[in-house]
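Structure first, commentary second.
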Amino acid sequence: MTDQPDTLFQTPWQGVGDFRFDERVAQVFPDMIRRSVPGYGHVIGLTGLIAKRYAQPNTALYDLGCSLGATTLSMASQVTEAGCHIVAVDNSEAMLQKARELATDRVMDPIPITWQHADICALTLVPCSVVTLNFTLQFIDPSHRLDLLSRIYDALTPGGVLILAEKVTVAEPAQEHLNTLHLDFKRANGYSELEIAGKRQAIEQVLIPESPDTHHTRLQQAGFNTAFEFFHCLNFTAWMAVK
Ligand code: GEK
């Protein structure tokens, strides 16, 4: 992956809610997400292991909101089931273009990858055994989230798995403590107060986190009776939901 440093918020941003997954974000994305999301590398690595365990022959594996394909490539390096293919979906053409470039450098993965430009809220899913929503559902309008999870549940084969990772909100006073520690995490990774404030303003109303209870209840409403956390780091949580 490219490691161009994220300097986007060193100069003032346009305004509240202006964050877009455009060309400028695509250029610095690996550095941005690694420095902003505690536990990101663990979630991506574990996703590959989970995909290896749950992938079923002749099914699709979906990476929804694939960005530059970190989750896709983690799955591709692990899954060996016959006849599987990965469909990596994002609605940012800038992200997908960069993802395709990065993936062409890798020739050793035996599993075919299709990079698809689409809105995941309007996507028709083919039968699949693994679906990932790694840090993506938080960008979907909350009123569309249950419909998306229900369509994922319907497309999964029995025994298939959904992996969901999100920024979460928790009740006070824990929320304030976790927020402070998340800011410390960003500071420790070299972000200035100006950059932190600028990013927060830009992403407000774009990234809408919810509580773990809300996620768990929605997973059950979508049909997943077996849903549990497999990773938790500060205010970020990842779940597996098995059909
Ligand atoms: C990773 N999973 O590296 N349809 C398709 N894509 C969307 C939509 C939508 N409606 N809304 C947002 N996205 C990745 C990281 S990033 C997380 C995921 C972050 C895409 C958006 O374009 C972006 O690429 C991705 O979801 C979210 O594991 O930036 O914090």
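Counting starts at 1 for both ligands and their atoms, in listed order.
Of the candidates T72, N91, L68, V89, it is N91 that places a heavy atom closest to atom 5 (C) of ligand 1.
In H42, the NE2 atom is not crowded: 12 or fewer heavy atoms of neighbouring residues, nucleotides or ligands sit closer than 6.0 Å. For E172, the CD atom is densely surrounded, since the number of other residues' heavy atoms within 6.0 Å is greater than 12. For R187, the CZ atom counts as densely surrounded, since its 6.0 Å shell holds more than 12 non-hydrogen atoms of other residues, nucleotides or ligands.
At least one N or O atom of G65, backbone or side chain, sits closer than 3.5 Å to an N or O atom of ligand 1. Taking any N or O of I120, backbone or side chain, at least one lies under 3.5 Å from an N or O belonging to ligand 1. For the pair D63 and ligand 1, the shortest N or O to N or O distance does not fall below 3.5 Å.
Salt bridge R100/E93: present, at least one basic N to carboxylate O contact under 4.0 Å.
The part of F21 lying near ligand 1 is the side chain, judged by heavy-atom distances below 4.0 Å. Contacts of I44 with ligand 1, taken as heavy-atom pairs under 4.0 Å, involve the side chain alone. Residue contacts with ligand 1 for V37 are absent, since no atom lies close enough (heavy atoms, distance under 4.0 Å).
The distance from ligand 1 to the heavy atoms of S92 drops below 4.0 Å at these ligand atoms: 22 (O). In the vicinity of Y40, heavy-atom distances shorter than 4.0 Å reach the ligand 1 atoms 1 (C), 3 (O), 28 (O). Counting the atoms of ligand 1 from 1 in the order shown, those under 4.0 Å from a heavy atom of S67 are 14 (C), 15 (C), 16 (S), 18 (C), 23 (C), 24 (O), 25 (C), 27 (C). Atoms of ligand 1 found under 4.0 Å from any heavy atom of I140, numbered from 1 in the order shown, are 9 (C), 10 (N), 11 (N). Per-residue contacts place D119 under 4.0 angstrom from the following atoms of ligand 1 (heavy atoms of the residue considered): 4 (N), 9 (C), 10 (N).
Residues D141 and S143 bring a donor and an acceptor atom of their side chains to less than 3.5 Å of each other. Using a 3.5 Å distance cut-off with no hydrogens or angles, the side chains of E229 and T237 do not pair a donor with an acceptor. Under 3.5 Å, the side chains of Q220 and T217 contain no donor-acceptor pair of N or O atoms.
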Between F236 and H182, does the ring pair (Phe, Tyr, Trp, His ring centres under 6.0 Å) criterion hold? Intermediate values first, please. CA-CA 10 Å; F236 290 82; H182 187 209; 5.2 Å; yes
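Evaluated for a side-chain hydrogen bond (donor to acceptor under 3.5 Å, both in side chains) with T71, the options N134, T132, T47 yield exactly one hit, N134.
In this structure, A118 counts as a contact residue of ligand 1, since one of its heavy atoms falls inside 4.0 Å of the ligand.
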